[in-house]
Structures are given as C-alpha cells and as structure tokens.
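Lettering of chains follows the sequences in order, A, B, ..., and the numbering in each one begins at 1.
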Amino acid sequence: MSASEGFSRLLLSVRRPESMVSAYCLLLAVIAAVGLTHGYHYHRKQLYPRPEPQLQVKSGDPLAPYDRGGIPLRRPGIAVSQYPQFEPSRGWVTSYLTPFTRWLARHSRHCGTTIVSHPGGILDEILYYTRGLDTVLESSIMFVGFVIFSWVVRMKTVTEREMGRRE
Amino acid sequence: MYPSGEVFTVIPLGDIVPYLSTVNAVILGVLIAVLLLPILSRTDIYVEVDHRRPKIKAKIVTPREDRIKAALALTSTLASVGVVTTGDVFNFTLFLSLLGMSNMGLIGTTVGDDFALECAFHYGLMCLIASLPLFGGAALILASTGTLSLHELMKLPRGAGGWTLTYGKALLTAGVLGEAGVGPFYAVKVDSFRRIWGRYAFVIHLTTLLTFSRFMEILSLLP
Amino acid sequence: MQLVPATVPELTVRMYHAAVAVGLAAGLIATADILADRNPLNRLTMTDAVEIGALALLASVGTDLAECLILPGLVVGLAELMATSEVLIARHSDPRSLPRFDPLDMEVLRTAPTALMIGLALYGVLLTGFTGGAVAGTGAAFYLFSRVNRPRYEEWRGMESLSGLGWALWVIGFSLFFLHPRYWLLALLLAGTGGILVKVGPKLSLFGYVMGYDVRVGAGDVPER
C-alpha cells in the first residue's frame with residue numbers, strides 16, 4: 001500500500017457519519033478536561049438577582065422563593081432588567097397574582113412552590129416579557145421538532161397504508 | 001463602534017435588541033437572494049452520476065416530500081436571518097439550535113435513501129451534543145460579565161471577565177462548529193448534505209456558512 | 001427583610017464554583033462514553049447526560065435569569081432528542097415486524113381513561129402555563145394510550161391545527177407586550193393561559209396518539225359497547 005493510498009483510506013474512514021460524532025466528542029472532551037483545571041470568576045453584579053437560597057422560606061413568606069415585592073394591579077414589583085427604557089410596563093407582571101393564587105397565598109404557607117404554574121410572577125415576567133423572544137423561539141423549536149417527528153412517523157416508521165387501516 | 005460597521009436600525013424587544021448593520025445587511029441580502037433560486041426553480045428529477053463504478057441514479061421527488069422540505073428550508077432561512085440580526089448571546093444559541101434542527105429535518109425527510117437516515121441521525125446527535133458548549137458558553141459569559149446583550153458586552157474594557165470569558169468563547173466556538181457543521185466538520189457533513197437529493201441542498205450550505213461569518217463578528221465584539 | 005439584593009449573595013457564588021465543575025465533569029464523562037461506544041442507541045441515551053451538563057452550567061449562575069434560561073435549554077434538548085430518536089427508529093424498524101398483542105377486554109379499561117382524562121384536563125386548566133399544559137396533555141396521552149378507546153386518525157387531526165393556533169395566540173400576546181404596553185395583563189393571559197395551555201397539551205396528546213402505533217392491535221376483536 002502506497003502512502004497516498006493509505007492517506008486516502010484514512011480520509012475515507014474519517015468521512016463516515018459516526019466518525020464525525022466521535023471527532024466532535026474528542027474535541028469537547030479535551031475542552032472540558034482543560035476547563036476542569038481552572039478556577040472560575042463570578043461577576044457579583046448580575047441582572048435579576050435573587051436573595052440567598054432558603055432565606056425567604058425561613059422567614060415564612062407565603063410566596064417563598066419568588067417574592068419580588070409589589071401589590072397585584074397596584075404597585076409593580078422589582079425586576080432588574082437590562083434595558084428599562086424599552087420596557088414601559090416592567091414589574092407589573094412580577095407583582096401580578098391571579099385571584100385563585102391570591103386566595104391560596106392567604107390560606108397556605110407554601111403557595112410559592114406552585115406560583116410557577118400560574119400567570120404572574122418574576123419567571124413569567126422574564127419568559128413572556130423582557131426575554132419573550134427566547135420563549136417564542138423555544139416553542140418554534142418544539143414545533144419544528146414535532147413536525148419532523150410526526151412526518152417521519154407517518155412516512156417511514158408507519159407507512160401510509162398502515163396508518164389508514166381499519167380499526 | 002460596532003465592528004460590523006454602521007448600525008442602521010435596532011428593534012427593541014425588551015432585553016433582546018436585534019440590530020442591522022452594514023455587514024449584517026449584506027449577509028441578509030445574500031441569504032434572501034439565494035433563497036429565491038430554489039423557489040423559482042421547478043425541477044423535480046435529480047440525477048447522481050458515480051464515476052468510479054459507471055452508474056447513474058435518478059430520483060423523482062414526490063410533491064409530499066417537496067412540501068415538507070420547502071417548509072423546513074424556510075424555517076432554516078428564517079433561523080439564519082435571526083442568527084444574523086440578533087443582539088443577544090443566548091438568543092443567538094437558540095436561533096442556532098433552530099437552524100440545526102431544521103437542517104437535520106431536511107436530511108432526515110428524504111424518502112427512499114437509508115443512508116440519509118443514518119446521516120440525519122448522526123447530525124441530530126451532533127446538534128444534541130453541541131447544546132452543551134452552546135448553552136454552557138452563554139452561561140459562562142453571563143456569569144463572568146453579568147450581561148448577555150451584545151450591545152453591553154461591546155462596551156466592556158478589553159480583558160474583562162478574564163479566563164472565564166475566554167473559556168466561554170472557546171465553548172461557544174466549539175458549539176457553533178458542531179451545530180452548523182463548519183470548519184473541520186464541513187468536509188464530513190458535505191456528504192450528508194448531498195443526501196437531500198433536491199433543490200434545497202444548497203440552502204443548508206448557505207445558512208451554515210453565513211452563520212459562521214456572523215459568529216466571527218460576535219467573537220470580535222466580545223471583550 | 002430585603003427582597004432583592006443589590007449583588008448576588010456570597011452563598012450563591014460559592015455554589016457557582018462547584019456547579020461549573022459538576023457541569024464540566026458531566027460533559028466530560030458523557031462525551032468520553034460516546035467516544036468509547038459506537039452503538040447508536042447508547043450514543044443517543046448518553047446525549048441526555050450531555051444535556052444535564054449543559055443545564056448544570058446554565059443553573060450555576062443562580063439568578064432568576066438563569067432559572068428562565070433553563071426552560072428553553074430543556075425544551076430544545078427534548079425536541080431534538082425526540083426527532084433524532086424517531087429517525088433512529090425509522091432507520092432500524094420494519095413496519096411489518098411490529099409486535100402484535102391482544103387487548104384485555106375489561107370494563108375498567110373502557111371507563112377509567114375517560115374519567116381520568118377529564119379530571120387531568122380540568123386540573124391542567126386550573127394550573128395553566130407549562131405545568132398545566134403538561135398535566136392536561138398527560139391526561140389526553142393516557143386516554144389515547146388505552147387503545148380500545150382510541151379514535152381514528154381523521155377524528156383527531158384537528159388537534160394538530162389547534163396547536164398551531166396556540167402558537168399564534170402566544171405570538172400575538174408577545175407582540176402585544178411591545179405594541180401596547182398598557183394591555184400587559186391581556187398579553188400575559190394570552191401568553192400564559194391561551195398560548196401555552198393550547199400548545200403543550202395537544203402536542204403531548206399527538207405524541208400519545210403516535211405512540212399507539214408502536215404496537216399492532218387486534219382491536220377488531222373487542223366488541224363495541
């Protein structure tokens with residue numbers, strides 16, 4: 001086997017799709033191994049800071065980990081965002097609670113654990129308003145994923161004839 | 001001063017502020033002009049000639065396959081428009097994920113070619129694995145500088161963030177290499193991209209390459 | 001008590017150093033495993049471990065922003081994993097070799113799924129948002145899993161367009177936030193209730209519907225009541 005033939009055989013073995021994944025993983029493993037040997041710096045001044053973990057829970061706040069101040073529909077809550085000048089109604093979503101959540105907060109001390117599943121609160125402020133484009137994109141990615149998934153199922157995994165069979 | 005020239009317009013969407021500058025506008029123009037080519041062409045029989053073993057392979061693309069490929073090519077183009085205009089690091093990674101996803105779908109929806117499925121599977125694996133360096137890089141940039149907006153990152157002095165930011169940039173570069181299939185992986189992926197068997201094949205090439213040229217601009221923006 | 005501190009507390013910073021190391025170590029272990037084994041199924045499952053590393057790195061920042069960035073990260077991984085695994089199934093499966101089984105003819109299988117679906121859907125509507133959509137969708141998926149009751153594809157097709165409608169509602173809510181900031185409450189309810197509830201629920205139910213085709217059923221043997 002000549003040198004050029006060996007070289008082209010090497011190139012052929014590399015161009016298989018599974019070698020591509022292996023080569024990429026090798027690159028990532030090297031980068032991660034380098035990263036493990038260093039310390040990391042943290043910038044203390046962050047956007048949307050939150051209090052120390054468990055601080056609100058210990059003080060008995062009914063909206064425990066997600067209380068950011070404000071009164072629903074009266075006073076906006078605190079949201080330290082990047083561009084306040086582009087967000088005229090900043091903070092209102094943070095302070096908003098649905099009537100049901102308000103009732104729950106009065107009668108239960110653990111309302112904060114369910115607040116993520118009701119409209120209103122700091123997470124909804126970031127997800128829908130200040131960084132809304134991220135969430136719209138995320139749902140579009142899910143949309144494309146489902147389109148590919150259902151198309152492959154209908155055309156390949158289960159053929160059209162199987163799909164239309166009588167049940 | 002932006003490295004991509006004069007800024008024509010900004011679109012304020014809360015914390016995410018996409019902008020259009022000279023270089024971005026040129027990239028965008030190329031993207032839309034080239035997308036017009038498959039829209040205007042009406043061919044639907046594709047021929048592949050193998051020179052080593054004299055062999056000719058022809059394929060007729062069914063309207064059904066053509067329709068899903070048109071939809072996915074449109075998504076891919078829209079995603080790269082987002083990649084080119086976005087003004088936020090995390091938003092950039094999400095647009096890139098959308099791009100990788102629709103490119104994977106373009107390869108995977110080829111009918112009557114088992115090797116296409118093999119390629120699509122491994123491209124999907126690449127996209128999945130690349131989400132670690134992409135999101136991890138964005139997270140490290142956020143941790144070391146306290147912001148994700150490119151407009152703010154640009155104003156930071158040189159050397160801000162230190163090793164953490166450098167490492168974040170390295171991770172981000174690795175993620176873009178994997179997700180868009182450029183650099184050393186392009187030579188491998190070209191074989192998968194050929195499996196599309198149709199007029200949308202060069203949409204993939206174009207979007208991934210323009211994505212990387214935009215990433216070069218982001219790298220020069222970061223301190 | 002101070003609700004929102006000016007700078008990130010000391011405890012979060014200490015946890016950050018550990019979390020970055022954990023994320024990188026998870027990535028290193030998972031990528032090493034993918035390198036070592038070429039079995040496609042093993043590679044697919046190990047990419048989930050890679051995702052965990054990505055989520056750990058995102059979570060290490062420890063602010064409210066980081067908590068919100070986890071959600072897109074998680075969903076992107078989920079969607080890609082689903083499409084990729086379906087491509088793997090299509091590559092290696094033969095539609096003629098699907099396993100065959102005979103369903104049980106039991107009273108409870110006919111009545112319970114409907115009751116459970118109604119209960120879960122009502123609870124999902126009460127919760128709203130991502131969690132509510134997931135709960136309602138689980139109810140619908142369970143209803144479709146119980147194969148005796150499964151409707152025909154043509155009857156269930158409308159759910160797909162419903163999910164597209166939900167996506168459009170959400171985008172309307174998002175643009176309303178910036179076009180008319182005074183109507184933020186309407187926008188919030190559109191995005192939270194209308195958008196996500198309608199979006200996540202039908203998708204999970206479609207998922208359940210498609211899953212039913214993994215098993216070939218002799219449903220014709222069961223008498224309709």
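The closest side-chain heavy-atom distance from A:Pro49 to C:Val4 is below 4.5 Å. For the pair C:Tyr16/A:Tyr40, a side-chain contact is recorded, criterion being any heavy-atom separation below 4.5 Å from C-beta on. In this structure, the side chains of A:Leu73 and C:Leu185 come closer than 4.5 Å at one or more pairs of heavy atoms. Counting only heavy atoms from C-beta outward, the side chains of C:Leu3 and A:Arg68 never approach each other to under 4.5 Å.
With a threshold of 4.5 angstrom between heavy atoms, A:Leu133 approaches chain C through its backbone and through its side chain. Looking at C:Ala66, neither its backbone nor its side chain comes within 4.5 Å of chain A, counting heavy atoms on both sides.
Listed by sequence position, C:Leu24, C:Ala25, C:Leu28 are the residues of residues 22-30 of chain C in contact with chain A, using a 4.5 angstrom heavy-atom cutoff. Residues of residues 175-182 of chain C placed with any heavy atom under 4.5 Å of a heavy atom in chain A are listed by number as C:Phe177, C:Phe178, C:Pro181.
Summarising the geometry of C:Trp170 relative to A:Ser139, their closest heavy-atom pair is CZ3-CB, 3.4 Å, with the distance given to 0.1 Å. Annotation for C:Pro9 and A:Pro51: closest pair CG-C, 3.9 Å, computed over non-hydrogen atoms. Across all their heavy atoms, C:Met82 and A:Phe146 have their closest contact at CE-CE1, 3.6 Å. The shortest heavy-atom contact between A:Leu123 and C:Cys68 is CD2-SG, 3.5 Å.
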- request: Might you work through the side-chain contact (heavy atoms from CB on, under 4.5 Å) test for C:Val171 and A:Val136, ending with a clear yes or no?
  value: CA-CA 7 Å; C:Val171 174; A:Val136 168; 4.1 Å; yes
query: Checking side-chain contact (heavy atoms from CB on, under 4.5 Å) for the pair A:Met142/C:Leu78: CA distance, chi angles, key distance, verdict?
result: CA-CA 8 Å; A:Met142 195 131 187; C:Leu78 196 74; 4.1 Å; yes
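Residue C:Ile89 holds its CD1 atom at 7.5 Å from CZ of A:Phe149, rounded to the nearest 0.5 Å. Once rounded to the nearest 0.5 Å, the distance linking CG of C:Asp64 with CG of A:Leu47 reads 11.0 Å. Between the CG atom in C:Leu69 and the CD1 atom in A:Ile126 there is a gap of 8.0 Å [rounded to 0.5 Å]. Atom CD of A:Glu18 is separated from atom CD1 of C:Ile34 by 13.5 Å, given to the nearest 0.5 angstrom. Atom CG of C:Leu35 sits about 6.0 Å away from atom OG of A:Ser22, to the nearest 0.5 Å. The structure places OG1 of C:Thr63 at 5.5 Å from CD of A:Gln46, a figure rounded to the nearest 0.5 Å.
A donor-acceptor pair is defined here as one N or O able to donate and one able to accept, closer than 3.5 Å; such a pair exists between the side chain of A:Tyr42 and the backbone of C:Val61. Judged purely by atom type and a 3.5 angstrom limit, A:Arg44 uses its side chain to pair as donor or acceptor with the backbone of C:Val8.
Per-residue heavy-atom pair counts under 4.5 Å with chain C were compared for A:Gly69, A:Gly39, A:Gly132, and the maximum is reached by A:Gly132.
The pair A:Arg50-C:Glu67 counts as a salt bridge, with a side-chain nitrogen and a carboxylate oxygen less than 4.0 angstrom apart.
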